[in-house]
Amino acid sequence: MSAQQSNKIPVVEVDLNASKKRVHPRFVTGFYQNIRVISMYAFLALFLILPWLRYNGRQAIWFDVPSQHYYIFGMTFLTQDFYFIAAFALIAAFALFMVTVYAGRVWCGYACPQTIWTHMFQYVEKLVIGDRNKRMKFDKEPMSAQKAFKRFLVYFIWFVFSMITATTFVSYVSGTEALYQNWQMIGFIPFPDWSTWIWVSIFIFAFSTYVNAGYMREQMCVQICPYGRFQSVMFDKDTLIVSYDYERGEPRGARKKGTNPEDLGDCIECQMCVQVCPTGIDIRDGLQVACIQCAACIDACNDVMDKVGYPRGLIRYTTERQLVEKEPSRVFRPRFFAYLTLLTVLCGGVIYALNDRVPLEIDIRRDRNQLSSLNQQGMIENSYIVKLTNKTQEPHTYKITLEPQDGLSLELRFNDVPLEAGESFDMPVSIYGDPDVIEFGQTPITLNVKNEDGQYNVSKQNIFTTQGQ
């Protein structure tokens with residue numbers, strides 16, 4: 001059955017075992033490419049700038065893995081706050097699913113890091129070697145001094161970009177101060193004085209960036225990234241996709257400018273849609289797993305249509321319902337509402353949890369060697385370790401008190417516990433019980449911890465036992 005006779009948008013299978021061919025896309029300008037370039041480099045600028053932002057004298061976003069403290073604009077998270085990370089991951093996943101159901105793979109075409117860095121690396125080739133035809137010819141030329149120099153220049157610029165990417169990425173973990181201020185002089189040359197894990201991390205991320213953006217490129221999207229695999233499960237007849245209008249474009253054929261042969265469609269077989277595609281596919285063959293919906297083919301085709309005097313939109317953002325069934329698309333549909341509802345619930349839950357969160361952590365550990373003992377005064381003593389963690393980004397002084405209870409008293413090594421921002425401290429405490437007042441067995445107790453102005457107040461329960469075990 002021909003594409004024109006099909007009752008649905010054809011889907012083309014990709015041979016994942018085919019030999020890799022270098023794709024040299026032609027750079028094109030247009031409405032969608034302007035949006036794409038702005039969005040991609042806005043995300044790139046955000047990635048590079050964020051580690052340098054400061055908040056209350058500290059790096060605003062800092063995932064301090066060695067100390068297991070994670071700082072995000074005034075909030076301090078510890079390892080035990082992992083459920084927040086899980087919630088953020090779920091929010092990101094459902095947001096991606098919702099966007100995919102509505103607008104297809106716009107993430108891939110407009111915001112994916114692989115797309116951004118690949119576009120940047122390919123643009124370096126364009127600046128050094130030339131546009132698409134020159135790059136293709138350059139690959140086939142025999143090695144010469146000029147070719148070797150241009151190759152070296154391209155690889156060197158890629159290396160610089162990879163190192164900038166790697167050091168920026170590592171600075172989110174190590175901190176900008178540790179990464180950019182720890183230098184030593186070797187002779188007259190400044191050299192970074194980094195720990196082994198920083199060197200290893202930078203090497204791994206620089207190597208990954210260099211290989212993924214410089215060599216793997218579209219193969220990451222076609223053969224490795226799982227997103228393209230499950231997109232067909234998430235697409236429906238109302239999902240926006242980049243499509244070629246078969247009914248209008250077929251049969252294809254060249255013609256003189258200004259003519260409109262009745263036996264030919266509007267496609268003039270110029271191949272521009274193929275030449276500008278960053279993954280090297282032909283959108284006219286139908287929906288394909290390699291299409292990242294960057295809309296470069298739309299801008300290229302619209303430019304050609306303007307030149308030959310035909311209406312725009314031979315290749316356009318549309319839906320299967322619009323293109324095949326000639327019916328209006330349905331924006332609000334059950335699957336979209338399901339993702340929207342889940343996303344709203346998750347966001348609401350996280351916002352509530354963050355607002356209700358007290359940035360003070362308290363943990364009570366009993367002395368497991370001896371649960372209770374009898375001192376010289378005849379009082380029953382229980383020993384505990386109270387771990388306090390200041391999860392704010394300002395220093396605070398905390399006081400530990402025992403909830404009033406007949407026959408029980410609290411003894412502290414320090415009356416006040418001053419903690420710096422993000423600091424933890426293990427405080428030994430003892431609770432004494434009068435055997436004539438308290439009951440035999442286990443008695444619930446409550447320890448209260450609050451800061452100097454009473455802004456943060458946390459309580460934790462444990463037990464007081466009157467017998468050794």
Side-chain angles (χ1 to χ4, degrees), residues 2-12 23-40 103-106 108-110 115 119 122-123 126 131-136 218 237-288 290-329:
S2 66
Q4 297 94 318
Q5 294 172 328
S6 177
N7 61 357
K8 61 182 291 186
I9 297 177
V11 178
V12 174
V23 175
H24 291 292
R26 184 188 298 273
F27 284 82
V28 63
T29 59
F31 175 76
Y32 292 108
Q33 296 317 293
N34 292 338
I35 296 176
R36 184 168 174 249
V37 168
I38 291 173
S39 66
M40 287 194 302
R105 293 180 67 178
V106 291
C108 296
Y110 292 80
T115 300
H119 183 276
Q122 289 175 334
Y123 197 75
K126 177 180 181 295
D131 210 340
R132 179 175 183 270
N133 292 336
K134 291 184 179 180
R135 298 200 300 274
M136 295 173 65
E218 72 283 349
K237 291 184 177 181
D238 297 294
T239 300
L240 274 177
I241 54 177
V242 175
S243 296
Y244 167 69
D245 192 335
Y246 292 92
E247 185 177 342
R248 175 185 158 187
E250 301 295 324
R252 312 167 193 170
R255 79 284 318 266
K256 293 182 179 181
K257 183 178 180 180
T259 63
N260 191 4
E262 294 183 359
D263 60 331
L264 295 178
D266 285 355
C267 179
I268 67 171
E269 199 64 82
C270 64
Q271 295 291 317
M272 286 298 296
C273 57
V274 180
Q275 295 181 21
V276 300
C277 180
T279 58
I281 66 170
D282 190 341
I283 193 63
R284 297 171 298 176
D285 291 338
L287 183 62
Q288 300 164 63
C291 178
I292 61 173
Q293 292 195 203
C294 63
C297 54
I298 297 179
D299 286 325
C301 187
N302 284 341
D303 185 53
V304 172
M305 292 295 103
D306 290 342
K307 291 178 180 178
V308 298
Y310 292 170
R312 289 187 166 204
L314 179 60
I315 301 175
R316 62 184 183 271
Y317 273 115
T318 185
T319 66
E320 183 178 344
R321 192 180 300 278
Q322 287 178 330
L323 190 61
V324 178
E325 300 180 4
K326 310 301 181 184
E327 296 179 0
S329 297

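Not measured: the values here are computed from a predicted model.
- A distance of 4.0 Å separates NZ of Lys326 from CD of Glu247, quoted to the nearest 0.5 Å.
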Steps toward side chain to side chain contact (heavy atoms under 4.5 Å, CB included) verdict (Arg284, Arg252): CA-CA 10 Å; Arg284 297 171 298 176; Arg252 312 167 193 170; 3.3 Å; yes
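- From Cys301, atom SG reaches atom CD1 of Ile315 across 4.0 Å, with rounding to the nearest 0.5 Å.
- Inter-residue side-chain proximity for Pro25 and Arg135 is flagged as met; some heavy-atom pair is nearer than 4.5 Å.
- For Arg321, the salt bridge (charged side-chain N to carboxylate O under 4.0 Å, His left out) test picks out Asp238, Glu325, Glu327, with sequence neighbours left out.
- Looking at Arg255, its side chain does come within 3.5 Å of a backbone N or O of Gly253 through a donor-acceptor pair.
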Ile268 vs Val308, side chain to side chain contact (heavy atoms under 4.5 Å, CB included): CA-CA, chis, key distance, verdict: CA-CA 9 Å; Ile268 67 171; Val308 298; 4.0 Å; yes
Audit row: Arg26, Asn133, side chain to side chain contact (heavy atoms under 4.5 Å, CB included) steps and yes/no: CA-CA 8 Å; Arg26 184 188 298 273; Asn133 292 336; 3.9 Å; yes
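- To the nearest 0.5 Å, the span separating CD1 on Ile283 from CD1 on Ile298 amounts to 8.5 Å.
- Using a 4.0 Å cut-off between charged nitrogen and carboxylate oxygen, Arg316 and Asp245 count as a salt-bridge pair.
- No side-chain heavy atom of Val23 sits under 4.5 Å from any side-chain heavy atom of Thr279.
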Test side-chain hydrogen bond (donor to acceptor under 3.5 Å, both in side chains) applied to Gln293 and Arg105, step by step: CA-CA 6 Å; Gln293 292 195 203; Arg105 293 180 67 178; over 6 Å; no
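- Residue Lys256 places its NZ atom among 12 or fewer non-hydrogen atoms of other residues, nucleotides or ligands, all under 6.0 Å distant.
- The two atoms that bring Tyr244 and Glu250 nearest to each other are OH-OE2, 2.7 Å, heavy atoms only.
- How far CG of Leu323 is from NZ of Lys237: 12.5 Å, rounded to the nearest 0.5 Å.
- Using a 4.5 Å cut-off on side-chain heavy atoms (C-beta onward), Met40 and Tyr110 make no contact.
- Centroid-to-centroid, the aromatic rings of Tyr317 and Tyr32 come within less than 6.0 Å.
- The two residues Glu218 and Pro278 come nearest to each other via the heavy atoms CB-O, 3.7 Å.
- When every heavy atom of Asp263 is checked against every heavy atom of Pro251, the shortest pair comes out as O-CG, 3.2 Å.
- Here the side chains of Thr115 and Cys294 are not in contact, with every heavy-atom distance at 4.5 Å or above.
- Under the 3.5 Å distance criterion, the side-chain polar atoms of Asn302 are left unmatched by any main-chain donor or acceptor of Arg312.
- Under the side-chain contact (heavy atoms from CB on, under 4.5 Å) test applied with Ser243, the options Thr318, Val324, Thr319 reduce to a single match, Thr318.
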Full working for side chain to side chain contact (heavy atoms under 4.5 Å, CB included) between Val28 and Asp303: CA-CA 9 Å; Val28 63; Asp303 185 53; 5.7 Å; no
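- Summarising the geometry of Cys297 relative to Val242, their closest heavy-atom pair is SG-CG1, 3.5 Å, with the distance given to 0.1 Å.
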Check against side-chain hydrogen bond (donor to acceptor under 3.5 Å, both in side chains), Thr29 and Gln33: CA-CA 6 Å; Thr29 59; Gln33 296 317 293; over 6 Å; no
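- Closest non-hydrogen pair, Asp282 versus Cys273, comes out as OD1-SG, 4.1 Å.
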Derivation and outcome, side-chain hydrogen bond (donor to acceptor under 3.5 Å, both in side chains), residues Gln271 and Glu269: CA-CA 6 Å; Gln271 295 291 317; Glu269 199 64 82; 2.6 Å; yes
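- Scanning both residues, Ile281 and Ala290, for their nearest heavy atoms gives CG2-CB, 3.6 Å.
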